Amino acid sequence: MRAAFVRGLSAAARQDPRVMLLTSDLGFKIFDEFAGEFPGRFLNVGVAESNMIGVAAGLALDGMRPFAYSIAPFATLRCLEQIRNDVCYHQAAVTIVGVGGGYSYGPNGPTHHSLEDIAVMRALPNMTVLCPGDPVEVEQAVGAAAAHGLPVYLRIGRAGDPVVHRGSVRFEIGRALTVRDGRDCTLVSTGNILPLAVETSDRLRANSIACRVLSMHTVKPLDEAALRACAEETRALFTIEEHSRIGGLGSAIAEWSAMNRVPGPLCLFGAEDRFASTTGSQAYLRGLNGLTVERVSESIAAKLAGAVSC
Amino acid sequence: MAHAGRTPHVGSALSCVDLLVALYFSVLRVDPSKPNDPDRDRLLLSKGHGCMAQYGALAERGFFPESALDEYARDGGRLAEHPGPHCVPGIEAATGSLGHGLPMGAGMALAAKLRGASYRVFVVLSDGECYEGSVWEAALFAPVQHLDGLTAIVDYNGWSAMSRTHLAMDPFAEKWRAFGWSVREVDGHDVSAVASVLAAVPFEPGRPSAIIARTLKGKGVSFMENDLEWHYRPPNDDDLRRALLEISG
Ligand SMILES: Cc1ncc(C[n+]2csc(CCOP(=O)(O)OP(=O)(O)O)c2C)c(N)n1
Ligand SMILES: [Mg+2]
């Protein structure tokens, strides 16, 4: 997704001379071409995330469209008050880019995992939260963020995230994408776990369960119309995210569902409320949290059969 | 470890390994058989990404068997690419997000004062890390609190993860001095020089001590020295063979 981000950013920068990139010492080599093509519009501020966000806010308040890039926990939590006050309070046109959502930085350990960023960014007034599901979505999300003119949090994976969308998609902020259609249940996915959601749907289909898959790439604002349609047209909503079950996509949909008397059950798949106690790859850490195609499809099948409740 | 675990940060580990050897083998008052002794000296590797050097030094010093090093970056293992709190004996706190070690170390040194304990606290930082404001917040705090039990050792290799650091850091020693620290500079790869400087802390009573250690990123392996590539690249079989050949002479 990193490479797709850079492609999207270059395209946005060609269209809009206000677009620029700040990094806090992350992205070795990947921005060399960008820096060459857009002199003066790439800046490494050093390992100083709080400063980066403050500087980005200042740039935005005086007419630029900065993107501020770091590993997701450092781009969000480290400089949270700068994001809240300098960016969100001022409605500054800053896009904060968190690379390595969820367990993308698996063996680096919990300091590098990002399982709370959606929750925290979602709570900020004026913030739009984008978690594109594959490189195709990422590339377009960058353009949408640049054009948005308001605070955006853009959460991406790392390298090697598989492509889900064959051909192009129409990425619109706040409009979920339907990746698979089906009438038995809906699996709403956000961010880099989308490939797993699609595989789950394919596996369930082999068991005659037709599972619709939505890429809810915008967690805030939620696409309530799409959710309502799914709630009415399918028997159950499931959410999946590589993020804590507290405060993320599942929480957001649960809040919406509770407040809007939405019919049908809702079940959440996501990370447990704990720091990883052992190290391991992204796949391994997903597995510890039940986020595998096997476990999720079994669980969905059992729930639809009424064998277990959510 | 980096070869087996396919991890980056070899250059970072080689940059600080001599500092850690001096600390663990000559300076720190620690007993590997009593890793939780309340009076032990504390060492925080604030540049947590250099932890391969720390894991290796701790194993060599007897804090845990060398076989545990195989758990590095392995599924289900205890040793992540950045250390977790007490993930193995000898690791005092989690680091990995830069800019956390010095404030925590200051807190530990303050606790020693408040409790009348005799242990000392050593924090190893990197120069890129010194872009973080939190480093300088602690740097302001420690002299005001007269934390002479606190020593900051900066691994000044002149590189962050993407660029040179001199422009921002220099004059480095003067910066620390201006904040109220007692400062010495040393060749960070001369283990006995490092050990003798460290033996002299606190340099001045009532003041925290700072040591600017001149280092080389990737020190000891000619093709890794001063080359940012080795902040990232896991060594392959051939790299490993050549590196071991150079190190063992
Ligand atoms: C808060 C934070 N931001 C970014 C990073 C990513 N990162 C890891 S090492 C590094 C910089 C490396 O340079 P330096 O700090 O000088 O360490 P060296 O390897 O040179 O000893 C960066 C930016 C991080 N670990 N923590
Ligand atoms: Mg350095």
Side-chain angles (χ1 to χ4, degrees), chain A residues 21-32 35 42-55 69-79 81-82 100 103-114 158-159 274-288, chain B residues 1-2 5-9 46-49 51 55 71-88 91 93-100 125-137 159-165 167-169 228-234:
Chain A
L21 177 64
L22 304 182
T23 175
S24 41
D25 211 33
L26 250 294
F28 182 56
K29 284 188 177 166
I30 65 171
F31 298 129
D32 288 359
F42 169 77
L43 194 59
N44 177 13
V45 304
V47 197
E49 296 78 10
S50 306
N51 180 53
M52 171 171 74
I53 300 297
V55 168
Y69 180 93
S70 189
I71 301 180
F74 311 142
T76 55
L77 305 183
R78 183 50 170 273
C79 41
E81 208 190 37
Q82 278 76 14
Y103 293 115
S104 303
Y105 278 86
N108 283 271
T111 51
H112 287 55
H113 298 160
S114 200
R158 202 177 169 190
R274 61 167 185 241
F275 294 104
S277 58
T278 61
T279 185
S281 66
Q282 181 176 27
Y284 176 79
L285 295 168
R286 280 182 176 182
L288 289 184
Chain B
M1 291 168 81
R6 308 224 34 79
T7 72
H9 300 148
S46 191
K47 48 167 282 186
H49 62 284
C51 64
Y55 295 151
E71 295 181 38
Y72 176 67
R74 293 293 167 82
D75 288 351
R78 285 174 293 173
L79 303 179
E81 286 175 42
H82 302 84
H86 298 281
C87 57
V88 282
I91 297 290
T95 51
S97 175
L98 295 167
H100 289 251
L125 301 103
S126 47
D127 50 350
E129 177 176 17
C130 291
Y131 280 93
E132 291 285 2
S134 55
V135 170
W136 300 102
E137 294 177 26
W159 290 101
S160 67
M162 281 172 72
S163 47
R164 306 292 316 198
T165 58
L167 223 53
M169 298 309 149
L228 265 193
E229 193 70 28
W230 294 99
H231 187 83
Y232 301 94
R233 198 166 123 192

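Values in this document were obtained by computation on a predicted structure and should not be read as measured data. Just so we're on the same page: letters track the sequence lines, and every chain starts at 1.
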- In this structure, are over 12 heavy atoms from other groups packed under 6.0 Å from B/Tyr232 atom OH?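 Counting other residues, nucleotides and ligands, OH of B/Tyr232 exceeds 12 neighbours.
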Between [options], who has the most heavy-atom pairs with chain B when the cutoff is under 4.5 Å?
options	result
A/Asn51, A/Ile71, A/Leu26	A/Leu26
A/Pro107, A/Pro73, A/Pro110	A/Pro107
A/Thr111, A/Val47, A/Thr278, A/Thr23	A/Val47

- Do B/Glu132 and A/Arg78 come close enough that some side-chain heavy atom pair is under 4.5 Å?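 Yes; the side chains approach each other to less than 4.5 Å.
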Looking only at heavy atoms and a cut-off of under 4.5 Å, which of [options] has the most pairs with chain A?
options	value
B/Thr95, B/Thr7, B/Leu228, B/Thr165	B/Leu228
B/Arg78, B/His231, B/His100	B/His100
B/Gly48, B/Ala73, B/Ser97	B/Ser97

- Item | A/Asn108 (side chain) donor-acceptor with B/His82 (main chain) under 3.5 angstrom |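 A pair under 3.5 Å: no.
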- Backbone of B/Met162 reached by a side-chain donor or acceptor of A/Asp25 within 3.5 Å: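 Yes, A/Asp25 side chain to B/Met162 backbone: donor-acceptor pair under 3.5 Å.
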Contact part of [X] toward chain B, heavy-atom cut-off under 4.5 Å: side chain, backbone, both or neither?
X	result
A/Ser50	neither
A/Ser24	neither
A/Leu285	neither
A/Phe74	side chain

- Task: Output all residues satisfying side-chain hydrogen bond (donor to acceptor under 3.5 Å, both in side chains) with A/Arg158, sequence neighbours left out; order by chain, then residue number.
- Result: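 A/Arg158: no side-chain hydrogen bond (donor to acceptor under 3.5 Å, both in side chains) contacts found.
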- Those residues that, when tested against B/Ser163, pass side-chain hydrogen bond (donor to acceptor under 3.5 Å, both in side chains) (two or more places apart):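 So B/Ser163 forms a side-chain hydrogen bond (donor to acceptor under 3.5 Å, both in side chains) with A/Asn44.
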- Could you tell me which non-hydrogen atom of B/Ala80 sits nearest to which non-hydrogen atom of A/Gly109, and how far apart they are?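 Between these two residues, the closest heavy atoms are CB-CA, 3.9 Å.
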- Please report the closest heavy-atom contact between A/Val45 and B/Tyr131, naming both atoms and the distance.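 The pair with the smallest heavy-atom distance is O-CD2, 3.8 Å.
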- Item | Distance in Å, B/Glu71 CD paired with A/Thr279 OG1, rounded so as to fall on 0.5 Å steps |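 One gets 10.0 Å once the value is rounded to the nearest 0.5 Å.
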- Message: Need one label for B/Leu79: side chain, backbone, both or neither, based on atoms under 4.5 Å from any heavy atom in chain A.
- Response: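 Contact with chain A involves the backbone of B/Leu79 alone.
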